[in-house]
Amino acid sequence: ERLVESGGGFVQPGGSLRLSCTRSGSVFSVKRMAWYRQSTGKERELVASVTPRGNTNYADSMKGRSAISMDDAKTAVYLQLNRLKPKATAVYYCMQEIKYFKFSYDYVPLWGQGTLVTVPS
């Protein structure tokens, strides 16, 4: 199983982007899906997360300007970014916390390769 991300790019301040992340291959269960980002010289940080029940969590800096969602098949996660600012420039990574089999010991995180979002100052 792997995750494939798309949707990053160059966008002017105030603009919007929609990031997508799709998992290939089947799994037994999904616990959580999330988007993280990493700017140059900084640690990777959580942007938003969502559970199959629809519970969401957002970083304070992204509340009101982003929306995370998961598809019904629990294979894809999306991140809508609105009113983007230059400080949003980063590589965005999706993560899916999955259990491969019913009797797997625990959930494990799958990571995408990252997609670059650039918002010029």
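For the numbers below, each heavy atom of this structure counts, side chains included, while hydrogens, waters and symmetry mates do not.
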Practice task
Please report the closest heavy-atom contact between Thr75 and Gln96, naming both atoms and the distance.
Solution key: O-NE2, 3.2 Å

Practice task
Just do the side-chain hydrogen bond (donor to acceptor under 3.5 Å, both in side chains) check on Ser29 and Tyr100 with the steps written out, would you?
Solution key: CA-CA 7 Å; Ser29 177; Tyr100 284 106; over 6 Å; no

Problem - Tyr93 vs Gln38 side-chain heavy atoms within contact, under 4.5 Å - result: yes

Handout entry: Candidate pair Tyr36 and Trp111, rule ring pair (Phe, Tyr, Trp, His ring centres under 6.0 Å), full reasoning
Key = CA-CA 10 Å; Tyr36 289 75; Trp111 289 93; 5.1 Å; yes

Handout entry: Euclidean distance, Ser26 OG relative to Phe101 CZ, rounded to 0.5 Å
Key = 8.5 Å

Exercise for the section: Measure the CG-CG distance between Asn57 and Leu46 for me, rounded to the nearest 0.5 Å. Expected result: 6.0 Å

Exercise for the section: Evaluate side-chain contact (heavy atoms from CB on, under 4.5 Å) for Phe10 paired with Leu116, printing each intermediate quantity in order. Expected result: CA-CA 8 Å; Phe10 185 94; Leu116 177 63; over 6 Å; no

Completion exercise
So CZ of Arg44 and CE of Met95: to nearest 0.5 Å the spacing works out to 10.5 Å

Exercise for the section: Treat each ILVMFWY residue as a node, draw an edge where side-chain heavy atoms are under 4.5 Å apart, and state whether Leu81 and Tyr78 are in one component. Expected result: no

Practice task
Check whether any side-chain heavy atom of Val11 lies under 4.5 Å from a side-chain heavy atom of Thr118, and answer yes or no.
Solution key: no

Exercise for the section: Report yes or no: does Glu5 contribute a side-chain atom to a donor-acceptor pair with the main-chain N or O of Thr115 at less than 3.5 Å? Expected result: yes

Practice task
In sequence, state the C-alpha distance, the side-chain angles, and the governing distance for Met62 and Arg37, and then conclude on side-chain contact (heavy atoms from CB on, under 4.5 Å).
Solution key: CA-CA 12 Å; Met62 300 305 293; Arg37 69 183 179 187; 3.5 Å; yes

Exercise for the section: Identify the heavy atoms of Ser121 and Pro86 that sit nearest to each other, and give their distance. Expected result: CA-CG, 3.7 Å

Practice task
Please determine if Lys99 forms a cation-pi arrangement with Phe28, meaning its NZ or CZ atom is less than 6.0 Å from the six-membered ring centre and no more than 45° off the ring axis.
Solution key: no

Handout entry: Check: Ser49/Tyr58 side-chain N/O donor and acceptor closer than 3.5 Å
Key = no

Completion exercise
Distance col, row Ser20:OG vs Leu3:CG, nearest 0.5 angstrom, shows 12.5 Å

Practice task
Could you state whether Val108 and Met70 fall into the same hydrophobic cluster, counting links through intermediate Ile, Leu, Val, Met, Phe, Trp or Tyr residues with side-chain heavy atoms under 4.5 angstrom apart?
Solution key: yes

Problem - Beyond-backbone contact of Met33 with Cys94, side-chain heavy atoms, under 4.5 angstrom - result: no

Exercise for the section: Give a yes or no answer on whether the side chain of Thr89 reaches the backbone of Val119 with a donor-acceptor pair at less than 3.5 Å. Expected result: yes

Practice task
Could you pull out the closest heavy-atom pair between Leu19 and Gly8, with the gap in Å?
Solution key: CD2-N, 3.6 Å

Exercise for the section: Using a 4.5 Å cut-off on heavy atoms from C-beta on, say whether the side chain of Gln12 contacts that of Pro120. Expected result: yes

Handout entry: Derivation of the side-chain contact (heavy atoms from CB on, under 4.5 Å) call for Leu110 and Ile98
Key = CA-CA 7 Å; Leu110 294 178; Ile98 61 94; 3.8 Å; yes

Handout entry: Side-chain touch Val50/Asn55, heavy atoms, less than 4.5 angstrom
Key = no

Practice task
Check whether any side-chain N or O of Arg23 sits under 3.5 Å from a backbone N or O of Lys74 as a donor-acceptor pair, and report yes or no.
Solution key: yes

Handout entry: Atom of Asn82, atom of Ser16 and distance for their closest heavy-atom approach
Key = OD1-OG, 3.1 Å

Problem - Distance, nearest 0.5 Å, that separates OG1 of Thr56 from CD1 of Ile68 - result: 8.0 Å

Problem - From OG1 (Thr22) to CG (Asp71), nearest 0.5 Å - result: 7.5 Å

Problem - Atom CG of Asp72: over 12 foreign heavy atoms under 6.0 Å - result: no

